[in-house]
K.L.:
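This is the structure I want to talk about, given as structure tokens.
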Amino acid sequence: MTTGAAIGAVFPIFRQINEDLAMPNSSSNSPIDSLQHEDRRFPPSATFIKNRVAEPGLYGEAQENRLEFWARQARELHWHKAFSETLDWSNPPFARWFADGTLNVAYNCLDRHVLAGNGDRVALHWEGEPGDSRSISYAELTAEVKRAANVLLGLGVLPGDRVAVYLPMIPEAVISMLAIARIGAVHSVIFGGFSADSVRDRIDDADVKLVITADGGWRKGKVLPLKPTVDAALARVGNHSVSKVLVVKRGENTIEWSDARDLWWHEALANAAPEHEAQSFEAEQPLFILYTSGTTGKPKGILHTSGGYLTQVAFTHKNVFDLHPETDVYWCTADVGWVTGHSYVVYGPLANGATQVMYEGVPDAPAAGRWWKIIEKYGVTILYAAPTAIRTFMKLGREIPQASDLSSLRLLGSVGEPINPEAWVWYREVIGSGLTPIVDTWWQTETGGIMISALPGITTTKPGSAQVAIPGISIDVLTDAGEPVPTGGGGLLVVTKPWPAMLRGIWNDPDRFRKTYWSSFTGTDGAPLYFAGDGARLDDDGELWLLGRVDDVMNISGHRLSTAEIESALVSHPIVAESAVVGASDETTGQAVVAFVILRAKQLDKQTEAEASVLLRKHVAEQIGAIARPRDVIIVTELPKTRSGKIMRRLLRDAAEGRAIGDVTTLADPAVMNSIVDRLAEHRPADFNN
Ligand code: WT7
């Protein structure tokens, strides 16, 4: 391997991270704390092995002929026209998988199960937050999607057009996505927690033609209005061509209505023709755009296409979760607004004909035991959740889950951020009765599907480690100079070969696509390697431990946020002169947003400063969305800068995490950090439930 652009230049904090890797105990909350003395091992049980879905031979098969392995997985789908070429990588980093084949993604998730005689099988056990529920069979889901497809066609949506979906976790979210896919259009799902500004940016960037939203959805015992946010987003001038807004009635909250533009979903569907024959589209037909934060203020529209994406999400969903579609009840707790919801609520499970639970609300409505009650009610067998949730439950105590019967659970999954060994073991002991395998799955919005994970029934699991690449995926950990690290070493995670569900680009920005992901390292064959932005370490068994991001991207409760994005939201407020944002480790959320802010008015009393801090937290939530609201806004008078004026976020992170401050000799004014540490000490932690 040779190195391309100097990584230190692209990712300024990399060098420092590298030092951290050499000193794994430098941070008390580091996920690699227990790495050296983690010797707990959990081999699969005999019963699990007997019924396992994944065949151990998959690894050898993929090793021997990776492309033929993926072609075989792809043939599990229904192709209107079979493909003859598996991969075209003649123009890297632009990959084409199964390019001369044609298929319909929604047909694969719906019609084919009905035609196979499984129409009566429940696709969705949906549970509303207030306690209402609906079970929808594959036949019913197919019928709804056909009507919705006819509605979209009637509104003039053409193949390739972008449709934004801004919905709560209700069945209509799934129906919308599948209806859009069914007619070859492209969905851009926007998480319901995003603000009007964020919605507007996303609608503009993708030149959206139609928006599907709801009046509101239930969250924390209240109705969270959604349509007003869409109204506000569309009220501003933009370059989109939205002419219609389809509105699902859910919250029953009062909303404004534009007769020319707005349509009720239920009326439109009732008037639509019930039959719709799925047309086939090329395997590389765009399926969706999903925005994710990068290192700059502008979110990236990650583009995914059809055949390769569906192949990998179906394969991983079946093999990583040991899915027995006739008997399992699967529940992925992610919102469809994130990639986990796309791949492991919608496309993977439905392509496999799974029965799943979908839940609208938060884990603690009306009380802290809601998840466990849902598991008992539906007999959930497979649970896929995020470490931040698991750590929250850990803090609340085992009595809460133990009040429900969790004996149906037989497999647990984790995703979104490193899971510390303590949380891993608690998850297995308390939620999994000490018996269930745990799969810690590493992947990204960009990878589309799971890349690194144990295979249950095969892998002996190890708390805290994501372990091994799944069959057909090639992962390496490289040094800054592009050399593979030896076992026991730490470095940068790369994917060395193209994979079916890989992103096909950043919407409208091929240069950013190349630069962000493909310009750091080059393989021996001269083709660029995919750089994930994560640090990783290989343990003595050669297994992978993920160490978090090496760029200025934070991971809050498994959601990606960029420091730049929040900084730009802060400085957009007239009282702010300058700001620096860091992700500080947090017991529950993995990382938390800590903002250091210099106000324009320098001489303020403590009371006014405290008010400014409250105001700015609110401002960020309004600008980006509640997930981005800083845990702390610390008012300071100076920021630590080098002589060339670069903010040294690493020192701020040291301070925010209560560590001794690292080397300050490169600071223009080495005394700055003392006053910042004092300010932190005075600061009262904000009540971050508001
Ligand atoms: C980033 C991707 C994958 C869907 C949810 C997040 C971190 C993800 C793990 C894991 C350690 C993980 C990485 C990655 N991450 N899964 N099992 N162990 N870290 O998707 O918003 O695209 O974020 O999440 O840092 O780069 P995303």
Side-chain angles (χ1 to χ4, degrees), residues 11 17 30-32 35 189 191 193 288-295 299-302 304 312-313 316-317 320 332-348 384-391 412-421 423-424 427 438-454 461-470 475 477 492-495 501-503 506 516-517 530-537 543-562 565 583 585 589-591 627-628:
F11 301 100
I17 295 278
S30 158
I32 51 175
L35 178 56
V189 182
F191 174 60
F288 67 85
I289 303 169
L290 185 58
Y291 288 84
T292 187
S293 298
T295 51
K300 302 175 279 198
I302 303 300
H304 283 286
Q312 189 172 336
V313 297
T316 49
H317 181 259
V320 171
C332 166
T333 62
D335 192 285
V336 291
W338 309 110
V339 74
T340 310
H342 284 58
S343 302
Y344 298 106
V345 175
V346 182
Y347 294 110
Y384 191 28
T388 186
I390 297 156
R391 288 192 293 264
L412 303 175
S414 173
V415 63
E417 54 183 313
I419 177 164
N420 47 312
W424 194 105
Y427 196 24
I438 293 190
V439 287
D440 175 8
T441 61
W442 179 91
W443 57 294
Q444 306 176 299
T445 303
E446 291 86 343
T447 70
I450 293 170
M451 304 291 276
I452 302 172
S453 173
T461 56
K462 190 189 281 181
S465 167
Q467 305 200 284
V468 288
I470 62 155
I475 298 280
V477 182
L492 300 169
L493 190 76
V494 296
V495 187
M502 66 194 276
L503 75 168
I506 295 178
T516 309
Y517 304 108
Y530 175 84
F531 174 49
D534 278 30
R537 193 180 180 96
E543 295 194 338
L544 290 153
W545 292 69
L546 277 307
L547 305 178
R549 306 286 309 186
V550 299
D551 49 20
D552 287 337
V553 172
M554 297 172 290
N555 188 328
I556 316 294
S557 300
H559 298 142
R560 211 197 290 188
L561 290 168
S562 90
E565 220 175 327
S585 42
T589 56
Q591 283 188 308
I627 41 158

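First listed ligand is number 1; within each ligand, the first listed atom is number 1.
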K.L.:
Within the 3.5 Å criterion, strictly below it, is a donor on Thr445 or Tyr291 matched to an acceptor on the partner's side chain?
P.N.:
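Looking only at side-chain atoms, Tyr291 and Thr445 do not form any donor-acceptor pair under 3.5 Å.
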K.L.:
When Ser293 is tested against each of Arg560, Lys300, Glu565 for side-chain hydrogen bond (donor to acceptor under 3.5 Å, both in side chains), which residue passes?
P.N.:
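By the side-chain hydrogen bond (donor to acceptor under 3.5 Å, both in side chains) criterion, Ser293 pairs with just one of Arg560, Lys300, Glu565: Glu565.
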K.L.:
Taking non-hydrogen atoms within less than 4.0 Å of ligand 1, which protein residues qualify?
P.N.:
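Correct list: Val339, Thr340, Val415, Gly416, Glu417, Pro418, Asp440, Thr441, Trp442, Trp443, Gln444, Thr445, Asp534, Leu546, Arg549, Asn555, Gly558, Arg560.
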K.L.:
Residues two or more places apart in sequence or in another chain: which of them pass side-chain hydrogen bond (donor to acceptor under 3.5 Å, both in side chains) with His559?
P.N.:
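Partners of His559 by the side-chain hydrogen bond (donor to acceptor under 3.5 Å, both in side chains) criterion, ordered by chain and then number, come out as Trp338.
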K.L.:
State which residues pass ring pair (Phe, Tyr, Trp, His ring centres under 6.0 Å) with Tyr517; sequence neighbours excluded, sorted by chain then number.
P.N.:
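Tyr530.
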K.L.:
List the residues meeting side-chain hydrogen bond (donor to acceptor under 3.5 Å, both in side chains) with Thr316, not counting sequence neighbours, and say none if there are none.
P.N.:
Tyr344
K.L.:
Anything under 30° is parallel, anything over 60° is perpendicular, the rest tilted; go ahead and classify Tyr347 against Phe288.
P.N.:
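Correct class here is parallel.
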